[in-house]
Amino acid sequence: MKPHVICLMHSSLDGRTHPSRWRPKGAGTDWFEKIHDELGGDAWVIGRVTGSEFAKGQPYLATTNEKLPRENWFARRDAKTYGVVLDARGKIGWGRSDIGGDPIVVVLTESVPDSHLAGLRGEGISYIFAGKSEIDLALTVEILNRELGVKRLLVEGGGVANGAFLRAGLIDEFNLILSPAIDGATGAPFVFSSTEADRDKRAPISAMTLESTRDLGGGVLLLRYLIKNDPPAAGR
C-alpha cells in the first residue's frame, strides 16, 4: 500500500528555502519543527544533499571482502518515527545511526558497492533497495509501508527530492510555511526543483485544493493544499 504523502516546506515569498539568505532575517524560522511534529508522520524523507548536512562521518572504505546480498536490511523495526534518506549511489558516510533520535533508513540502488553496505551495517543503519541504478520512488514508499508500517510519510526536501516525488505523482498534500521575507537573488534552492535531465518533465497534477489557511503570527502563514494526481499510465 501507498502511505499518505505530505510535503512540508518552509519558504520565503519567492519560494526560496535557505532562511540565512532571507531579508528581513529570522522571519518565522522557528515554525518548521513545530508543524513537523503536529503532522505526526511515521517517517520523513530527504534527499542526498540535505542528508549530507546531517552526516558526521567519512565515506566508508572503498573495498571489502564481504559479499552482501542486495536485500533490504533493518537494524530496527520498532521506532516511532524513521528518518529516510535517498542516497542512490551510496555517497554518505554517516558516523551516526539516527537524526534527532529517529533511526536512519537509507534508500539505495543495487549499484552500491558491498563496502558501502558493510559500512552501513557496521553503524547500525537500515537500508532498502528501490531500483537497479535509479531510485523508484513508488517502490520506495511501498517498501516503507510494507516493511516498517509507514502510513504517513513527510517529504521534506531539498527541492530536487521534493520535485521527484511531485513528478512521480506521489504527493497527496502540500503544507507550506510561508514567511514574510524575500531572498531575491540567484543561487538559492527552491521548494520544488529538478535535475537537468528532468527539467522538461511536468508533475501529473490534475487539481489542487486549498484546504486551510492558518495564521501563525508575525505575518507567517501555513497553507495546506490537497493534491489530486492523474492516475498512473497504463502498464505502470
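Only this structure's heavy atoms are used, side chains among them; waters, hydrogens and symmetry mates stay out.
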Start with the C-alpha distance between Phe74 and Leu148, add both sets of side-chain angles, then the distance that settles side chain to side chain contact (heavy atoms under 4.5 Å, CB included), and finish with yes or no.
-> CA-CA 9 Å; Phe74 299 98; Leu148 297 175; 3.8 Å; yes

Using the ring of each side chain (for Trp, its six-membered ring), is Trp44 parallel, tilted or perpendicular to His36, with breaks at 30° and 60°?
-> perpendicular

In sequence, state the C-alpha distance, the side-chain angles, and the governing distance for Met1 and Glu142, and then conclude on side chain to side chain contact (heavy atoms under 4.5 Å, CB included).
-> CA-CA 6 Å; Met1 291 179 59; Glu142 177 189 322; over 6 Å; no

Does the side chain of Thr17 pick up a donor-acceptor pair with the side chain of His10 at under 3.5 Å?
-> no

Tightest non-hydrogen contact, residues Ala55 and Gly93, listed as CB-O, 3.6 Å

Validation row: Pro180, Val220 side chains within 4.5 angstrom (heavy atoms) | yes

Is Glu134 salt-bridged to Arg89, going by a charged N under 4.0 Å from an acidic O?
-> yes

Proximity of Phe192 and Phe165 rings by center, below 6.0 Å | no

Within one Ile-Leu-Val-Met-Phe-Trp-Tyr cluster: Tyr82 and Ile6, side-chain cutoff 4.5 Å | no

What do you reckon, are the aromatic ring centroids of Tyr127 and Phe129 less than 6.0 Å apart?
-> yes

Do you reckon Ile135 sits in the same ILVMFWY cluster as Val150, going by side-chain contacts under 4.5 Å, direct or chained?
-> yes

Output the distance between atom OG1 (Thr213) and atom CG (Leu222), rounded to the nearest 0.5 Å.
-> 8.5 Å

Are Glu38 and Lys34 ion-paired here, with the side-chain N under 4.0 Å from a carboxylate O?
-> no

Measuring from Ser179:OG to Trp22:CH2, what's the distance to the nearest 0.5 Å?
-> 4.5 Å

Value rounded to 0.5 Å, distance of NZ in Lys80 from CG in Asp102 = 9.5 Å

Heavy-atom closest contact (Ile171 atom, Cys7 atom, distance) | CD1-CB, 3.9 Å

Compare all side-chain heavy atoms of Glu173 with those of His4 and state whether any distance is below 4.5 angstrom.
-> yes

Which value, rounded to the nearest 0.5 Å, describes the distance between Glu53 atom CD and Ile99 atom CD1?
-> 10.5 Å

Within a reach of under 6.0 Å around CG of Asn65, are more than 12 heavy atoms found that belong to other residues, nucleotides or ligands?
-> no

Charged N to carboxylate O below 4.0 Å: is that the case for Glu110 and Lys132?
-> yes

Cation-aromatic face contact Arg96/Phe54, 6.0 Å, 45 degrees | no

What closest approach, in Å, do Ile104 and Trp94 show between heavy atoms, and which atom pair accounts for it?
-> CD1-CE3, 3.6 Å

Test item: Leu86 and Ile46 side chains (from C-beta on) under 4.5 Å apart, heavy atoms | no

May I have the step-by-step check of salt bridge (charged side-chain N to carboxylate O under 4.0 Å, His left out) for Asp42 and Arg152, ending in yes or no?
-> CA-CA 5 Å; Asp42 303 305; Arg152 285 172 68 85; over 6 Å; no

First locate atom CG of Asn229, then atom CG of Leu170, and finally report the distance between them rounded to the nearest 0.5 Å.
-> 7.5 Å

Linked, directly or transitively: Val45 and Leu176 (ILVMFWY side chains, under 4.5 Å) | yes

Under 4.5 Å between any side-chain heavy atoms of Ile182 and Ser12, yes or no?
-> no

Heavy-atom side-chain contact between Met9 and Asn162 under 4.5 Å = yes

Enclosure of Leu139 CG (heavy-atom neighbours >12, cutoff 6.0 Å) | yes

Side-chain donor/acceptor of Ser193 to backbone N/O of Val160, under 3.5 Å | no

Linking I/L/V/M/F/W/Y whenever their side-chain heavy atoms sit closer than 4.5 Å, directly or via other members, would Leu144 and Val106 fall into one cluster?
-> no

Under a 4.5 Å cut-off applied to non-hydrogen side-chain atoms, are Arg77 and Glu147 in contact?
-> yes

Between Arg121 and Glu66, does at least one N-O distance fall below 4.0 Å, as a salt bridge requires?
-> no

For the student: nearest non-hydrogen atoms of Gly158 and Thr50, plus distance | N-OG1, 3.0 Å

Side chain to side chain contact (heavy atoms under 4.5 Å, CB included) between Phe174 and Ile227, intermediate numbers included = CA-CA 7 Å; Phe174 178 39; Ile227 295 177; 4.1 Å; yes

Taking C-beta and beyond as the side chain, do Tyr225 and Glu211 meet within less than 4.5 Å on heavy atoms?
-> no

Heavy-atom pair of closest approach, residues Ile125 and Ser97 = CG1-CA, 4.0 Å

Here the gap from Ile92 atom CD1 to Asp87 atom CG, rounded to the nearest 0.5 Å, amounts to 4.0 Å

Do Pro3 and Lys151 have side-chain heavy atoms sitting under 4.5 Å apart?
-> no

Same apolar cluster (I L V M F W Y, side chains within < 4.5 Å links), Leu39/Leu153 = no

Might you work through the salt bridge (charged side-chain N to carboxylate O under 4.0 Å, His left out) test for Asp114 and Arg70, ending with a clear yes or no?
-> CA-CA 9 Å; Asp114 290 323; Arg70 297 308 186 261; 2.7 Å; yes

Please confirm whether the backbone N or O of Leu8 pairs with a side-chain atom of Asn175, one donor and one acceptor, at under 3.5 Å?
-> no

Go through the steps to decide whether Lys2 and Asp172 satisfy the test salt bridge (charged side-chain N to carboxylate O under 4.0 Å, His left out), and finish with yes or no.
-> CA-CA 11 Å; Lys2 175 188 170 299; Asp172 303 298; 2.5 Å; yes

Please report the C-alpha distance between Val105 and Val85 in whole Å, then the side-chain angles of each, then the deciding distance to 0.1 Å, and finally whether the side chain to side chain contact (heavy atoms under 4.5 Å, CB included) criterion is met.
-> CA-CA 6 Å; Val105 180; Val85 183; over 6 Å; no

Closest approach of Pro103 to Arg76 (non-hydrogen atoms, all atoms of both residues) | CG-NH1, 3.5 Å

